[in-house]
Number of protein chains: 2
Amino acid sequence: MNEDILKALLDHGVQPSAQRLAVARYVLATHDHPTADRVFSVVRESFPWISRATVYNTLNLFVEKGLLRAPALTGGSVVFDPNTARHHHFIDEKSGAIHDVPWESVEVCNIEALEGFDVTDFQVVMRGVKRRRRRT
Amino acid sequence: MNEDILKALLDHGVQPSAQRLAVARYVLATHDHPTADRVFSVVRESFPWISRATVYNTLNLFVEKGLLRAPALTGGSVVFDPNTARHHHFIDEKSGAIHDVPWESVEVCNIEALEGFDVTDFQVVMRGVKRRRRRT
DNA sequence: ATCTCACTTTAGAACCGTTCTAAACAGGCG
DNA sequence: CGCCTGTTTAGAACGGTTCTAAAGTGAGAT
Ligand SMILES: [Mn+2]
Ligand SMILES: [Mn+2]
Ligand SMILES: [Zn+2]
Ligand SMILES: [Zn+2]
């Protein structure tokens, strides 16, 4: 797992440093969509001397190198997403939490037939409330 | 048309003032998705003494009263959308321009069947380039 | 016509997330 | 060791937005 992280960095042309590994260890493994400030808080627990600037530098580098995405889903601060495969998003309006929705679980038709637009990428952004218990 | 604007404000419980009408005249009629700063620039052309704070106040009031939406589509600054009906969005990656895509022109299936999520609203966010001339 | 009072507008400060700056640091190599 | 390149750091700067506190406006009351 730690070797996986290291390999991911090297595969994407990122020189590994202690700080970058600490950031990667959290942000490449989480299923959250954390903000830079959340990454800073979490990483600082195991790496208390890391600076905020390094967290921002590292996250931006990871986006540039394709390890992370920064989908524009919220008004406020940027969120980072280690899931770089195509997928959709569900935003829980109660908690603000962002959940991944598998690409195959939603079907979108007629996009390629749209007049006037060459669509190269798309996603469905859903809002609502997370269901407490599944309706039988 | 000017009476339409006035009526829209009154219908949504907004006390009309000269400043609010000037903002409404532009932002409720445009097909753009302008930022607050763009609204400020445009309104100032016909109303040069309006203040930035009033533009922000007014836009936020209009969102609160349901005259505008503020969809989270871009990383940077908030954009305002006078189209309050359900619709999708296409973002031109060349220019950054945001275009409305009619609700009926895209079909989305299986949303209601999603496990774990009660979806109350959704939209498709597309990216690509605006087609220069329609392919025959 | 003047007074009153609630609402609106205003300039500028404050705020907050992010980027920039410039100096310190690290470490591989000659 | 000294050099060089890349990384980290604290804090300043920045840009968009909100807040503050004072001034303005205007519809009704007197
Ligand atoms: Mn990758
Ligand atoms: Mn309405
Ligand atoms: Zn995601
Ligand atoms: Zn729109």
Worksheet entry | Pair A/H99 and A/H33, ring centroids less than 6.0 Å apart | no
Practice prompt. For A/F40 and D/dA10, give me the distance from atom CZ to atom P, rounded to whole Å.
Written response: 8 Å
Practice prompt. Using the six-membered ring wherever Trp is involved, compare the ring planes of A/W49 and A/F47 and label them parallel, tilted or perpendicular (cut-offs 30° and 60°).
Written response: tilted
Discussion item. Is there a side-chain contact between A/S17 and the phosphate of D/dT8, meaning an N or O under 4.0 Å from OP1 or OP2?
Written reply: yes
Fill in: Candidate nucleotides C/dT10, C/dT18, D/dT17, ranked by approach to the side chain of B/A53 - the nearest
C/dT10
Worksheet item: Are any of B/T54's side-chain N or O atoms less than 4.0 Å away from OP1 or OP2 of C/dT10?
Response: yes
Response to the item:
B/L21 CG to C/dT9 C1', in whole Å, measures 15 Å
Worksheet item: Quick one: B/E64 CD to C/dT8 P, roughly how many Å, whole number?
Response: 11 Å
Discussion item. Please determine whether a side-chain nitrogen or oxygen atom of A/N57 lies at a distance below 4.0 Å from atom OP1 or OP2 of D/dT7.
Written reply: no
Worksheet entry | Rounded distance (Å) that lies between atom P of D/dT25 and atom CZ of B/R20 | 15 Å
Practice prompt. Tell me whether the OP1 or OP2 atom of C/dA11 has a side-chain N or O from B/R52 closer than 4.0 Å.
Written response: no
Item to complete: Grab the NZ-P distance between B/K65 and C/dC7 for me, whole Å please.
Response: 11 Å
Worksheet item: If you find the nucleotide of DNA chain D closest to A/S51 and the one closest to A/L61, which residue's nucleotide is nearer the 5' end?
Response: A/L61
Practice prompt. Rounded to the nearest angstrom, tell me the gap between atom CD in B/Q15 and atom P in D/dG26.
Written response: 13 Å
Worksheet item: In whole angstroms, how far is the P atom of D/dC14 from the CG atom of B/D37?
Response: 17 Å
Item to complete: Using the six-membered ring of A/F40, assess whether NZ or CZ of A/R44 lies under 6.0 Å from its centre and within 45 degrees of the ring axis.
Response: yes
Worksheet entry | B/R25, CZ: over 12 other non-hydrogen atoms inside 6.0 angstrom | yes
Fill in: Within-4.5 Å side-chain heavy-atom neighbours: A/V27 and A/F62
yes
Discussion item. Expressed as a whole number of angstroms, how long is the span from B/Q19:CD to D/dT25:C1'?
Written reply: 10 Å
Worksheet entry | Contact under 4.0 Å: A/Y56 side-chain N or O vs C/dT18 OP1/OP2 | yes
